[in-house]
*Asks:* 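Here it is, the structure, as structure tokens.
Source: prediction; values computed, not measured. Chain letters run A, B, ... following the sequence lines, proteins first and then strands; every chain starts at 1. Heavy-atom basis, side chains included; hydrogens, waters and symmetry copies ignored.
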2 protein chains.
Amino acid sequence: MQTIDAFSASTAEEEAYRHVLKGIRTGRFRPGTRLIPEDIANEIGMSRMPVREAFRRLSTEGLVLIRPNRGCVVAGLTTDEIYEVFEIRSVLEGLAVRLATPRFDADAFSELDRLLARMQTNGEGGDDWVTRHRQFHEYLCSYSQRPKLIRQIARLHVTIEPYLRIWLHHAEKPLSADEEHRVIIRTLEAGDPIAAEATIEKHILETAPALAAFVAQTGR
Amino acid sequence: MQTIDAFSASTAEEEAYRHVLKGIRTGRFRPGTRLIPEDIANEIGMSRMPVREAFRRLSTEGLVLIRPNRGCVVAGLTTDEIYEVFEIRSVLEGLAVRLATPRFDADAFSELDRLLARMQTNGEGGDDWVTRHRQFHEYLCSYSQRPKLIRQIARLHVTIEPYLRIWLHHAEKPLSADEEHRVIIRTLEAGDPIAAEATIEKHILETAPALAAFVAQTGR
DNA sequence: GTTTGGATTTGTGTATCCACTTATCCAGTC
DNA sequence: GACTGGATAAGTGGATACACAAATCCAAAC
């Protein structure tokens, strides 16, 4: 479980941040759940202060919502907002892949193959499909060599991960998108940045409607 | 001076946040400046706690850098990072304008004309060129009706604004880009979302090298 | 003149405390 | 039985206190 922020200091605030982030990612803290500073502070053995500071950071990332005197709740996304996140992801990851394309080498492609194979195995190593899927996308983006871009993309992934997880848990088939990822790799191998960008944009935008529909139906 | 975050609560933390944000935007707190919680707390008549929480939010937005036990400094951008911000802006604002294009109506265009005219006047109403320029871009994006997208774009503007301001202060001419903005409006009037997106992307990317070169020369 | 080590100062990180706001519950009323 | 209002509980926001870390300064040694 990696963090979003660059450096990993050993402060209590950092620990609280990770703790809550992990809870949101894994689905322990579902959207709408109220987060009570004192409870979380007790869980990890500290006072409320660092926890509150962690909340502030999380609120900026859009992961929780803080209303004055009303406490902190895990942010939920409306159907529209899920669409929006996918739209933003499509252009940001499109940019990242466009910049990354000229940089891919043989090592990159063999690693991508490995990640793809790992994605198809069922839940070994503790990571579930959603996590492995994210790792695939993040590996693609990492070759862009754009730290800020990569971080922004990572944040968007965290936002939608809980929904993806619920969706896949309810869906009959574990998503047949693996073939699609193979196609992406082939496009990248061709080495055309613009084509690669278009492929990624399309790939991301195509996932959105199904997830949004599921969330709309489940009743946010 | 508008805030980035959506709702404006009357908490001390919010006040501290705005105070520091304003300081960074206006150039009072230059990149590299150390921000001492106690000093800022005294300035606005509160204790250090809310100020610290404001710092946490600002750090997530990339506006300040917090190192454990080393305090908080205003974030500075390297030449590469300035490029990166412009790259990200180009695709995000491109997306926003693409989505906005079908929504523009007569009112929108007359407001855009007004903003453009205001941009050409020299510093009336307290706002400088950089602020008015941002307002023009933000108005364009606002018609996309995508709150998260709009907020992300606003954050990027805050990041580079101080540099733009220093740059324009040193440059001989106040930037001849006004004509370019007129061209943008004409493109939007044609009503082709893809063309509009491409125009904005190009416009934004073209500004980057000059600013980056200036910052590199000035010696960050 | 430069370097080293230690006192001093400054500032940070967290816990605790208190005031105040909001939520909950319950009894009384219609 | 549903509604109202007030007591009570729960929780939040902010201030203060204190322990600790880092930076600074200065003097002694080389």
Side-chain angles (χ1 to χ4, degrees), chain A residues 3 5-21 23-24 28-76, chain B residues 3-24 28-76:
Chain A
T3 47
D5 269 338
F7 56 96
S8 49
S10 59
T11 62
E13 190 272 342
E14 183 68 21
E15 194 186 341
Y17 173 81
R18 291 185 193 204
H19 181 81
V20 177
L21 181 62
I24 293 174
R28 188 182 153 219
F29 301 138
R30 295 284 180 89
T33 306
R34 184 160 175 196
L35 298 176
I36 292 159
E38 186 148 355
D39 294 350
I40 291 170
N42 288 337
E43 279 181 21
I44 47 184
M46 65 180 64
S47 80
R48 289 163 23 200
M49 284 320 304
V51 177
R52 285 184 39 168
E53 290 176 23
F55 285 175
R56 294 292 182 195
R57 277 211 279 165
L58 292 162
S59 81
T60 309
E61 292 176 350
L63 296 176
V64 303
L65 204 73
I66 301 177
R67 286 151 65 210
N69 287 314
R70 300 268 177 102
C72 176
V73 297
V74 179
Chain B
T3 48
I4 290 175
D5 267 339
F7 56 96
S8 49
S10 59
T11 61
E13 189 272 342
E14 183 69 21
E15 194 187 341
Y17 174 82
R18 291 185 192 204
H19 182 81
V20 178
L21 181 62
K22 183 175 178 178
I24 293 175
R28 187 181 153 220
F29 300 138
R30 295 284 180 88
T33 307
R34 184 160 175 195
L35 298 176
I36 292 159
E38 188 149 354
D39 294 350
I40 291 169
N42 288 338
E43 279 182 19
I44 48 184
M46 64 180 64
S47 79
R48 289 163 25 201
M49 286 316 307
V51 178
R52 280 181 52 111
E53 290 175 24
F55 285 175
R56 296 291 182 195
R57 278 211 278 165
L58 292 163
S59 82
T60 309
E61 291 176 351
L63 297 175
V64 303
L65 205 72
I66 302 176
R67 285 151 67 209
N69 286 315
R70 301 264 177 105
C72 177
V73 296
V74 179

*Asks:* Could you pull out the closest heavy-atom pair between B:A41 and B:R48, with the gap in Å?
*Replies:* CB-N, 3.9 Å

*Asks:* Closest heavy-atom contact between B:M46 and B:V51?
*Replies:* SD-CG2, 4.1 Å

*Asks:* To the nearest Å, how far apart are B:E14 CD and D:dT12 P?
*Replies:* 18 Å

*Asks:* Could you walk me through whether A:E43 and A:R28 pass the salt bridge (Lys or Arg N to Asp or Glu O under 4.0 Å) check?
*Replies:* CA-CA 14 Å; A:E43 279 181 21; A:R28 188 182 153 219; 2.8 Å; yes

*Asks:* In whole angstroms, how far is the P atom of D:dA9 from the CD atom of A:E38?
*Replies:* 16 Å

*Asks:* Roughly how many Å is it from CD1 in A:I36 to P in D:dA10, rounded to a whole number?
*Replies:* 11 Å

*Asks:* Report the distance from atom CG of A:D39 to atom C1' of D:dA10, rounded to the nearest whole Å.
*Replies:* 11 Å

*Asks:* Using a cut-off of under 3.5 Å, enumerate the N/O to N/O pairs linking the protein to nucleotides 19-24 of chain D.
*Replies:*
unit_1: D:dA22; atom_1: O3'; unit_2: B:R70; atom_2: NE; d: 3.3

*Asks:* Check B:P50 against B:A16 and note the closest heavy-atom contact, atom names and distance.
*Replies:* O-CB, 4.2 Å

*Asks:* In whole Å, what is the span from the CG atom of B:N42 to the P atom of D:dG14?
*Replies:* 16 Å

*Asks:* Apply salt bridge (Lys or Arg N to Asp or Glu O under 4.0 Å) to A:E61 and A:R57, showing your working.
*Replies:* CA-CA 7 Å; A:E61 292 176 350; A:R57 277 211 279 165; 5.7 Å; no

*Asks:* Mind calculating the distance between CD1 (B:I40) and P (C:dT12) to the nearest angstrom?
*Replies:* 10 Å

*Asks:* Would you name the heavy atoms of A:F55 and A:I40 that are closest together and state the gap between them?
*Replies:* CZ-CD1, 3.9 Å

*Asks:* Name the one of B:E13, B:E53, B:R56 that satisfies side-chain contact (heavy atoms from CB on, under 4.5 Å) with A:R52?
*Replies:* B:E53

*Asks:* Expected output is a numbered-order residue list: members of residues 43-54 of chain A with a heavy atom under 4.0 Å from any atom of DNA chain D. What is it?
*Replies:* A:R48, A:M49, A:R52

*Asks:* Could you point out which residue of A:L21, A:I24, A:V73, A:L63 forms a side-chain contact (heavy atoms from CB on, under 4.5 Å) with A:F29?
*Replies:* A:I24

